[in-house]
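A short worksheet on the structure shown next.
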2 protein chains.
Amino acid sequence: MLPRHSAVTLEQVARQAGVSRATVSRIVNGVSTVDPALAERVNVVVKQLGYVPNLSARSLASRRAGAVALVVPEDVERFFGDPFFGALVAGIQGKMRGSGFLLDVLIAADDPRQTSDLLLGGKVDAAILFSHRIEQSFMSMMSASLPVVLAGRPSDATEPTCHYVDVDNRGGAEFVTRHLLERGHRRIAMIRGPEDSPAAADRLQGYLDAHEAAGIEPGPIVAGDFTSAGGVAAAERLLDEGASCTAVFAANDLMAIGTMGVLRRRGLRIPDDIAVAGFDDVPSAADTVPPLTTVRQPSREQGAALAEAALALVAGEQVEQGQVLATELIVREST
Amino acid sequence: MLPRHSAVTLEQVARQAGVSRATVSRIVNGVSTVDPALAERVNVVVKQLGYVPNLSARSLASRRAGAVALVVPEDVERFFGDPFFGALVAGIQGKMRGSGFLLDVLIAADDPRQTSDLLLGGKVDAAILFSHRIEQSFMSMMSASLPVVLAGRPSDATEPTCHYVDVDNRGGAEFVTRHLLERGHRRIAMIRGPEDSPAAADRLQGYLDAHEAAGIEPGPIVAGDFTSAGGVAAAERLLDEGASCTAVFAANDLMAIGTMGVLRRRGLRIPDDIAVAGFDDVPSAADTVPPLTTVRQPSREQGAALAEAALALVAGEQVEQGQVLATELIVREST
DNA sequence: TTGTACGCGTTATCAT
DNA sequence: ATGATAACGCGTACAA
């Protein structure tokens with residue numbers, strides 16, 4: 001296994017140009033205190049030799065990596081299947097561009113050791129994590145030696161040890177539930193998300209809040225898992241149990257879409273027989289029949305805020321610890 | 001901006017354990033020629049101090065990075081919206097795990113310089129590229145100093161300078177078109193993919209091949225862009241132009257799904273009034289109404305083959321330059 | 001403005 | 001089996 005690396009080094013450029021290594025370094029890094037004529041001459045040599053800085057050496061010497069890691073959970077297929085993540089990443093990448101920092105997307109291996117080695121190994125200056133299933137102890141170990149920003153709130157709020165950017169899940173769920181109540185529904189079922197998801201918990205809470213504020217008792221609540229198939233299963237369970245409800249609020253759009261399929265197959269008309277609402281406003285939510293009432297979350301903005309926070313922390317600036325972005329009710333024809 | 005890095009070094013561990021740096025290095029790297037008792041003692045210190053190897057220093061000294069880059073095109077939203085990519089990445093990641101190599105997903109900035117600096121900067125030992133829009137000159141520059149493997153065939157086949165793993169797009173398109181012809185269709189429209197995509201070109205060619213083999217003239221061909229919205233637009237254009245066809249073959253499933261929506265909205269019955277076929281076999285293709293006839297491409301296997309090739313090249317092994325994986329016709333109820 | 005020289009944390013070679 | 005010690009390629013005081 002021979003070393004493939006291009007092998008043309010600062011030293012070689014310096015020799016060829018008849019200057020010192022330090023000078024070439026300055027020129028390559030755009031330090032202003034250098035004679036323009038000399039810089040020009042050196043740059044010619046740089047191009048001619050095809051010099052490319054060795055990033056490992058650079059970060060070893062400079063003690064900074066010039067990169068931010070985006071750590072995504074192991075479940076690759078789900079990650080890529082959900083448009084929500086795409087929007088988030090687009091927002092992050094947008095802010096990152098032109099910052100001089102690189103974005104490394106890392107698919108977290110099951111082995112947390114590998115993950116920590118990577119983050120603490122000096123290859124990145126900060127990390128953006130997707131909060132899904134992250135051990136608190138692991139998290140605090142990370143943030144002890146590296147700026148860490150979470151997408152979504154920490155699941156364990158007792159020890160708010162790190163920065164995060166969340167969206168107002170609770171408020172959004174309250175809006176949509178209130179909307180259903182205002183439409184006259186008095187018996188609203190909910191398909192909730194996974195137990196370990198803070199977002200799912202918050203959406204459930206918003207649903208409960210709206211009921212309490214209206215003095216109305218909550219309807220049946222069944223468990224779901226944020227997938228379309230899970231929505232199908234939950235809806236079938238709901239109907240099979242003979243629960244009497246005139247509306248169902250699914251904790252995300254994928255489950256809402258699965259629910260709509262079940263209702264249609266059972267001959268129920270939406271929204272006349274039963275109304276359906278979701279959460280996320282994925283692109284296809286506008287194209288379902290009928291179009292889905294849902295809650296829009298500003299994913300791109302969330303991504304941008306995450307990146308901004310990470311970069312600010314790297315720069316040593318003060319950053320507010322928790323940021324919660326507003327959500328918006330999108331009323332369509334399914335309610 | 002203070003250096004955040006954990007600062008606990010091999011040297012410190014060595015001092016604390018009363019051994020030399022070299023010994024600690026050997027233990028950390030699992031070199032067998034070391035006294036088990038000593039190793040045990042040192043490992044205690046390693047944990048106690050929370051030592052984590054500095055990866056920059058390691059790759060500088062060892063002249064290898066222990067990582068493979070996956071370079072994806074700039075269009076983040078499209079990338080994440082398409083389950084095909086998810087499967088590909090899952091396949092890559094699956095092979096990579098346990099190889100000791102890390103997978104860095106890099107979203108290529110518009111600036112090719114940044115990309116090349118990154119790939120040639122010694123932070124990765126090999127690169128897997130998605131062939132979409134890559135300049136030939138750029139490519140050959142990369143592969144001159146780094147093993148490069150392409151997902152999909154090179155767009156410019158004249159100079160087969162690099163390794164690639166493709167699927168049999170042409171064959172798959174021919175299968176599905178022949179299937180439609182065998183069903184009795186004599187006028188089959190095609191919604192093709194983007195001009196600059198080799199996969200799109202191959203699928204179009206397969207469609208033409210099948211017609212030629214049957215001695216039947218191809219139907220109308222309209223342009224698409226591999227997105228669902230693009231499929232909607234293309235289908236509408238097709239119908240508005242009053243093209244008479246009894247079947248439509250979309251170059252990928254997302255466009256086929258968009259097309260089905262348009263047909264349904266216009267009151268056309270699938271497959272009675274008009275048949276629809278796609279390409280990719282994304283998960284949701286089985287859940288459309290009616291389920292979509294399509295071509296399955298072995299994306300996970302393609303990903304695995306890509307990773308395998310990249311790792312083999314890093315190891316200095318010989319690798320066959322072009323690999324083409326078979327595709328399979330999946331007949332469902334839309335045709 | 002430019003050059004000298006040291007250090008970054010690790011691997012690897014060579015003695016021992 | 002273990003310990004010195006020289007690279008690895010670069011940034012950056014400090015000196016000139």
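Throughout, a chain's letter reflects where its sequence line sits, starting with A, and its residues are numbered from 1. From a predicted model like this one, the values you see are computed outputs, not experimental measurements.
Across all strands shown, A:L38 has heavy atoms under 4.0 Å from sugar-phosphate atoms exclusively, and none from any base. A:L60 comes within 4.0 angstrom of a nucleotide base, judged by non-hydrogen atoms across all strands.
With D:dT2, C:dG3, D:dC10 as the candidates, the nucleotide lying closest to the side chain of A:L10 is D:dC10.
Atom CG in A:D117 sits about 17 Å away from atom P in C:dG9, given to the nearest Å. With rounding to whole Å, B:N54 atom CG is found 18 Å from C:dG7 atom P. Between the CZ atom of B:R41 and the C1' atom of D:dA1 there is a distance of 13 Å, given to the nearest Å. Regarding B:L55, its CG atom lies at a distance of 21 Å from the P atom of D:dC8, rounded to whole Å. Rounding to whole angstrom units, CD of residue B:Q12 and P of C:dT10 are separated by 9 Å. Whole-Å rounding puts the A:I27 CD1 to C:dT1 P distance at 12 Å. Distance CG (B:L120) to P (D:dG9): 15 Å, rounded to an integer number of Å. Here the C1' atom of nucleotide C:dG7 and the CZ atom of A:R63 are 9 Å apart, to the nearest Å.
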Practice task
Start with the C-alpha distance between A:S59 and A:S62, add both sets of side-chain angles, then the distance that settles side chain to side chain donor-acceptor pair (under 3.5 Å), and finish with yes or no.
Solution key: CA-CA 5 Å; A:S59 51; A:S62 67; 5.9 Å; no
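Side-chain atoms of B:N54 and A:R63 include no donor-acceptor pair closer than 3.5 Å.
Here the side chains of B:L106 and A:L103 are not in contact, with every heavy-atom distance at 4.5 Å or above. Side chains of B:R153 and B:V324 form no contact here, defined as non-hydrogen atoms less than 4.5 Å apart. Between A:Q302 and A:L88, the closest side-chain pair of non-hydrogen atoms falls below 4.5 Å.
Contact check, A:T23 against C:dG3: a side-chain N or O comes under 4.0 Å of OP1 or OP2. Put simply, A:T33 has no side-chain N or O that comes within less than 4.0 Å of OP1 or OP2 on C:dT2. In this structure, B:R58 reaches the C:dT11 phosphate: one of its side-chain N or O atoms is under 4.0 Å from OP1 or OP2.
The two residues A:L49 and A:V8 have their closest heavy-atom pair at O-CG1, 3.8 Å. Closest heavy-atom contact between A:S25 and A:L10: CB-CD2, 3.8 Å.
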Just the table, please: protein N/O against nucleotides 12-16 of chain D N/O, every pair under 3.5 Å.
residue: D:dT12; atom: OP1; partner: A:R64; partner atom: NH2; Å: 3.2

